[in-house]
Amino acid sequence: MRAIVIEDKHLVLREVPDPEAGDGEVVIDVTAAGVNRADVSQRQGFYPPPPGASPYPGLECAGVISAVGPGVTDRHVGERVCALLAGGGYAEKVAVPAGQLLPVPAGLSLIESAALPEVACTVWSNVVDLARLRKGKTLLVHGGGSGIGTFAIQLGRALGAPVVATARAGKHEALRALGADLVIDYTTDDFVTATREFNGRGADVILDIVGAKYLSRNIEALAPNGRIAVIGMQGGRKAELDLGQLMAKRGSVSSTSLRARPAADKARIVTSVARDVWPLVEAGAVKPVIHSTLPLVEADRAHELMESSEHLGKILLTP
Ligand SMILES: NC(=O)c1ccc[n+]([C@@H]2O[C@H](COP(=O)([O-])OP(=O)(O)OC[C@H]3O[C@@H](n4cnc5c(N)ncnc54)[C@H](OP(=O)(O)O)[C@@H]3O)[C@@H](O)[C@H]2O)c1
């Protein structure tokens, strides 16, 4: 098969051996793969694949099952699926544990469904499972225009949570259309003041992709009993935590990485997403936001686009 290989921090299409379906795995013939910020870090040499994962980039895909490994009884060749991967999505074929497969939501094309597994599992596991977002609680989404952000805004709205998002000015109208009640230009305005003014108390849940640079200000922007879920470190990894400031809010900070979680954890998250999130997708309350779809051979160009941050939502690659 052909797959994207990282050579000198560039993405090159090469002929490589086909993957095989191991115990509990299936092989998917990939129709489309999602591009994620983590793939850019992997290409740059900052984010090596976890042990046992494919060396090729790509954390999510959609396609058709072409082989079923030993021990898999509930999947069959020819089935259309989308999947959460630990790597290897930028390829014509990928092997994946059967527990990480999701059905293609009714009403979506196979290609569209490739935009969902990574963002749906990341946002659901952090915002709903860990930070317990509920109806009426305010959600602050940093990076509202990202793949993650465009999904989080819609999920928050669908759950009945008022949503505040940060983004550069050119993306505001689109984020309001997705359901954000307030969009803050983080380059000119103070998100702490704006979030507090929005509801008089601050955010009950904050989904943060910036990390160190925002830690202190996120606590300032937090409502009493609020939860901060840090999932990115675009603004650095080391910061000073003022425990007094956090205690006064009775707040909490969590931080997780989906890719490194054990397969059993991923399977639990995937099952919950299929049960709780897919019905919202099938009802049209949460839609994949796809900025562009490029051929796999143009993976380098897809990364350039992602690094420019000119995109809104997801970038997809098609073999
Ligand atoms: N921990 C996990 O399990 C996990 C899983 C998936 C993703 N992530 C993380 O989630 C983040 C988003 O991933 P993605 O693939 O959706 O990325 P993406 O589409 O490339 O989006 C990144 C966005 O960050 C925004 N941004 C940069 N600096 C910002 C700031 N100071 N304040 C607010 N927004 C800012 C940019 O938007 P503007 O144009 O508005 O600046 C850009 O669109 C990444 O950091 C990624 O590593 C973590």
Side-chain angles (χ1 to χ4, degrees), residues 28 30-39 58-63 80-87 89 94 96-133 139 141-161 163 165 175 178-180 205 207-209 229 231-232 254 256-261 263 265-291 312-316:
I28 300 173
V30 177
T31 303
V35 176
N36 287 277
R37 203 79 176 187
D39 310 337
L59 300 176
E60 60 192 341
C61 76
R80 288 153 42 98
V81 291
C82 53
L84 180 69
L85 310 172
V94 65
V96 55
Q100 288 165 221
L101 300 176
L102 283 150
V104 177
L108 293 196
S109 70
L110 199 51
I111 290 181
E112 287 172 320
S113 74
L116 291 178
E118 174 73 13
V119 291
C121 292
T122 302
V123 173
W124 183 89
S125 60
N126 280 280
V127 168
V128 180
D129 193 27
L130 212 50
R132 306 184 308 283
L133 183 71
L139 170 66
V141 178
H142 285 302
S146 64
I148 289 282
T150 51
F151 188 90
I153 290 169
Q154 296 182 82
L155 185 64
R157 160 57 72 97
L159 295 175
V163 179
L175 301 195
L178 289 174
V205 173
L207 182 64
D208 178 53
I209 63 168
I231 61 162
S254 64
T256 63
S257 161
L258 182 60
R259 189 183 197 185
R261 288 175 93 133
D265 250 26
K266 288 183 185 169
R268 179 187 68 81
I269 292 167
V270 161
T271 302
S272 305
V273 164
R275 183 195 61 217
D276 295 344
V277 180
W278 260 214
L280 301 173
V281 176
E282 293 183 345
V286 178
K287 299 187 174 99
V289 177
I290 298 170
H291 182 272
L312 186 126
K314 298 288 296 187
I315 302 166
L316 300 180

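- For the side chain to side chain donor-acceptor pair (under 3.5 Å) condition, the pairs that include at least one residue of residues 97-113, sequence neighbours left out, are Ser109-Glu112.
- The distance from atom CG of Leu159 to atom CG of Leu133, rounded to the nearest 0.5 Å, is 6.0 Å.
- Taking Arg268 as the reference, Asp129 meet the salt bridge (Lys or Arg N to Asp or Glu O under 4.0 Å) condition, with sequence neighbours excluded.
- Taken from NE2 in His142 to CD1 in Ile209, the straight-line distance is 8.5 Å, to the nearest 0.5 Å.
- Distance CG/Leu316 to SG/Cys61: 11.5 Å, rounded to 0.5 Å.
- Shown here for Thr31 and Gly63, the closest heavy-atom pair between the two residues is OG1-CA, 3.4 Å.
- Separation of atoms CZ (Arg80) and CG (Leu108) is listed at 10.0 Å; rounding is to 0.5 Å.
- At distances below 3.5 Å, not a single donor-acceptor pair connects side-chain atoms of Glu118 with backbone N or O atoms of Glu60.
- Residues Ile28 and Leu101 meet the side-chain proximity criterion, which asks for heavy atoms closer than 4.5 Å.
- Atom OG1 of Thr150 and atom CG of Leu312 lie 6.5 Å apart (nearest 0.5 Å).
- The number of heavy-atom neighbours closer than 6.0 Å to NZ of Lys266, taken from other residues, nucleotides and ligands shown, is above 12.
- Across Ile148 and Val123, no two heavy atoms sit closer than the pair O-CG2, 3.8 Å.
- Counting heavy atoms from C-beta on, the side chains of Asp39 and Asn36 come closer than 4.5 Å.
- Considering all non-hydrogen atoms of both residues, Gly87 and Leu59 come closest at N-CD2, 4.1 Å.
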Checking side-chain contact (heavy atoms from CB on, under 4.5 Å) for the pair Phe151/Val289: CA distance, chi angles, key distance, verdict? CA-CA 8 Å; Phe151 188 90; Val289 177; over 6 Å; no

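- The CD1 atom of Ile269 lies 8.0 Å from the CG atom of Asn126; values are rounded to the nearest 0.5 Å.
- Side chains of Leu84 and Leu258 form a contact here, defined as non-hydrogen atoms less than 4.5 Å apart.
- Across every non-hydrogen atom of Leu139 and Leu207, the tightest pair is CD1-N, 4.4 Å.
- Ile290 and Ala115 get closest at one heavy-atom pair: CG1-CB, 4.0 Å.
- Side chains of Val128 and Ser272 form no contact here, defined as non-hydrogen atoms less than 4.5 Å apart.
- The shortest non-hydrogen separation linking Ala180 to Ile153 is N-CG2, 3.5 Å.
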